[in-house]
Amino acid sequence: MTGGATSRKALVRRPSPRLADGLVTHIDRTPVDAALALRQWEVYVVALRAHGWETIELPPLDDCPDGVFVEDTMVVYKNVAVIARPGAEPRRAETATTEEAVTGLGCSLNRIREPGTLDGGDVLKIGDTVYVGRGGRTNGDGVRQLRAALEPLGARVVAVPVSKVLHLKSAVTALPDGTVIGYPPLVDDPGAFDRFLPVPEESGAHVVLLGGGKLLMAASAPRTAERFADLGYEPVPVDISEFEKMEGCVTCLSVRLRELYG
């Protein structure tokens with residue numbers, strides 16, 4: 001993108017008291033402490049703010065157990081928000097409030113329409129390359145519609161298979177230099193990415209780029225954090241144990257808006 005400073009806004013939504021009733025696909029269900037989840041979410045939001053991010057809290061959706069995983073509701077590229085059509089029907093009610101929020105921020109809107117399905121957690125952006133996980137929640141028509149929406153804006157949309165985890169970003173994210181990181185047993189095809197760095201812990205595969213080489217990541221991946229520190233990055237660990245029980249990770253708890261026009 002040319003011109004204009006990058007924005008640092010993050011959409012977040014507090015967890016529902018019914019978090020434990022959320023969908024679980026690739027792991028066994030274990031008890032979730034909703035009060036602890038709320039405290040962990042508050043610490044996550046504070047960590048974003050402490051590193052210069054303006055957090056925008058969406059209205060609570062207590063009847064949507066998965067509503068805290070706000071990243072799944074959209075894909076934002078440059079100034080365009082593509083409103084998702086979640087692959088799990090019970091989650092489709094979550095998109096209305098996020099759509100309202102990005103409209104208020106001046107984003108142009110596009111939408112994934114039936115029969116397409118797409119979850120934001122299946123989309124990993126690295127510069128102008130947009131990887132889309134084709135798997136349980138995102139179908140081929142969703143990939144096609146995303147490609148039609150983003151390629152005219154200069155994106156290259158690349159579909160990659162996802163079968164071992166819920167979303168693409170449950171398997172891989174990327175470091176500031178564009179290197180894709182993942183826990184190999186959960187990555188269908190590491191060769192799909194230009195540069196791939198294996199990490200030793202499943203939850204070490206998920207980072208949010210805070211800026212300045214700082215990486216927001218789960219406290220449950222201390223060995224991976226050590227490896228990132230060796231590479232010159234600064235890990236910022238947060239405990240998200242209750243969200244990990246629901247297949248959540250640090251990326252899915254916010255939508256980061258980095259390229260809004262001033």
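As the structure is a computational prediction, the values presented were derived from the model and not from experiment. Only this structure's heavy atoms are used, side chains among them; waters, hydrogens and symmetry mates stay out.
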Are V187 and V180 close enough, and set up right, to give a side chain to side chain contact (heavy atoms under 4.5 Å, CB included), and what steps lead you there? CA-CA 11 Å; V187 182; V180 172; over 6 Å; no
From CA spacing to verdict: side chain to side chain contact (heavy atoms under 4.5 Å, CB included), D72, R137: CA-CA 10 Å; D72 291 327; R137 297 282 176 86; 5.6 Å; no
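For the pair L48/V12, a side-chain contact is recorded, criterion being any heavy-atom separation below 4.5 Å from C-beta on. Contact check for L11 versus M74: side-chain heavy atoms found under the 4.5 Å cut-off. At a threshold of 4.5 Å between non-hydrogen side-chain atoms, the residues L210 and L215 do not count as touching. In this structure, V250 and V207 have side chains that are not in contact, with every pair of non-hydrogen atoms separated by 4.5 Å or more. Using a 4.5 Å heavy-atom cutoff, the side chains of V160 and D188 are not in contact. At a threshold of 4.5 Å between non-hydrogen side-chain atoms, the residues S16 and L61 do not count as touching. In this structure the side chain of L105 reaches within 4.5 angstrom of the side chain of I56, judged on heavy atoms. For the pair T98/R13, a side-chain contact is recorded, criterion being any heavy-atom separation below 4.5 Å from C-beta on.
Side-chain atoms of E234 do not come within 3.5 Å of backbone N or O of K214 as any donor-acceptor pair. K125 places a side-chain N or O within donor-acceptor distance of the main-chain N or O of V76, the cut-off being under 3.5 Å. At distances below 3.5 Å, not a single donor-acceptor pair connects side-chain atoms of K169 with backbone N or O atoms of H206. With hydrogens and angles disregarded, a donor-acceptor distance shorter than 3.5 Å links the side chain of R18 to the backbone of D63. Proximity of a side-chain donor or acceptor of T73 to a complementary backbone N or O of E94 within less than 3.5 Å is not detected. Not a single donor-acceptor pair under 3.5 Å links the side chain of D119 to the backbone N or O of G121. Using a distance-only test at 3.5 Å, with no hydrogens or angles considered, no donor-acceptor pair links the side chain of R223 to the main chain of G204. When atom types are taken as modelled, the side chain of D21 and the backbone of P65 share no donor-acceptor pair closer than 3.5 angstrom. Using modelled atom types, one side-chain atom of Q40 and one backbone atom of E242 make a donor-acceptor pair closer than 3.5 Å.
Atom-to-atom distance recorded for T30:OG1 and M246:CE is 8.0 Å, nearest 0.5 angstrom. Separating the CG atom in L166 from the CG atom in D122 is a distance of 7.5 Å, to the nearest 0.5 Å. To the nearest 0.5 Å, the span separating CG on D66 from SG on C252 amounts to 9.5 Å.
For the residue pair A84 and T95, the shortest heavy atom distance occurs at O-CG2, 3.7 Å. Looking at every heavy atom in both residues, G182 comes nearest to A205 through CA-CB, 3.8 Å. Here the shortest heavy-atom pairing between G154 and D128 reads O-CB, 3.7 Å. Taking every heavy atom of both residues into account, G178 and R195 meet most closely at C-NH2, 3.7 Å. For P235 against P237, the heavy-atom pair with the smallest separation is O-CD, 3.5 Å. The two atoms that bring P60 and R14 nearest to each other are CB-CG, 4.2 Å, heavy atoms only.
Sorted by first and then second residue, the side-chain hydrogen bond (donor to acceptor under 3.5 Å, both in side chains) pairs with a member in residues 104-116 read E99-R111; sequence neighbours excluded. Within the structure, the ring pair (Phe, Tyr, Trp, His ring centres under 6.0 Å) test picks out no pair touching residues 222-251 (sequence neighbours left out). Sorted pairs that involve residues 132-170 and meet ring pair (Phe, Tyr, Trp, His ring centres under 6.0 Å), not counting sequence neighbours, are lacking altogether.
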Please output the side-chain donor-acceptor pairs of residues 32-39 that fall under 3.5 Å, not counting sequence neighbours, one pair per line with the distance.
unit_1 : atom_1 : unit_2 : atom_2 : d
D33    : OD1    : A35    : N      : 3.1
D33    : OD1    : L36    : N      : 3.0

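Under the 4.5 Å side-chain heavy-atom criterion for grouping Ile, Leu, Val, Met, Phe, Trp and Tyr, V208 is connected to V45 within one hydrophobic cluster. The hydrophobic clustering, which links ILVMFWY residues whose side-chain heavy atoms are closer than 4.5 Å, places M217 and W53 apart. L216 and V68 end up in the same hydrophobic cluster when Ile, Leu, Val, Met, Phe, Trp and Tyr side chains are linked at under 4.5 Å. Put simply, V236 and V46 are part of two different groups of oily side chains (I, L, V, M, F, W, Y) that touch within less than 4.5 Å, one to the next. Both L231 and L209 are members of a single hydrophobic cluster when ILVMFWY side chains are connected at heavy-atom separations under 4.5 Å.
For S203, the side chain to side chain donor-acceptor pair (under 3.5 Å) criterion is met by S220, not counting sequence neighbours. Residues satisfying the side chain to side chain donor-acceptor pair (under 3.5 Å) criterion with T103, sequence neighbours excluded, are absent altogether. Partners of T117 under the side chain to side chain contact (heavy atoms under 4.5 Å, CB included) rule, at least two apart in sequence or in another chain, are R85, R92, N139. With sequence neighbours excluded, the residues that form a side chain to side chain contact (heavy atoms under 4.5 Å, CB included) with P198 are P184, F196. With sequence neighbours excluded, the residues forming a ring-ring contact (aromatic ring centres under 6.0 Å, His included) with Y131 are F193, listed by chain and number. Applying the side chain to side chain contact (heavy atoms under 4.5 Å, CB included) criterion to P222, with sequence neighbours excluded, gives E201. Applying the side chain to side chain donor-acceptor pair (under 3.5 Å) criterion to S254, with sequence neighbours excluded, gives Y44, R256.
Chaining together hydrophobic side chains whose heavy atoms lie under 4.5 Å apart places L146 alongside V75, Y77, V80, V82, I112, L118, V123, V130, V132, V143, L150, L153, V157.
Salt-bridge check for R144 with D141: passed, with a basic side-chain N closer than 4.0 Å to an acidic carboxylate O. The pair K9-E54 meets the salt-bridge criterion, since a charged nitrogen lies less than 4.0 angstrom from a carboxylate oxygen.
Shown here is E42, whose CD atom has more than 12 heavy atoms of other residues, nucleotides or ligands within 6.0 Å.
Under 3.5 Å, the side chains of S170 and E247 contain no donor-acceptor pair of N or O atoms. In summary, the side chains of T6 and R258 do not present any donor paired with an acceptor at a separation below 3.5 Å, with no hydrogens or angles considered.
Of the options T224, V172, V199, a side-chain contact (heavy atoms from CB on, under 4.5 Å) to I181 is made by V199 and by none of the others.
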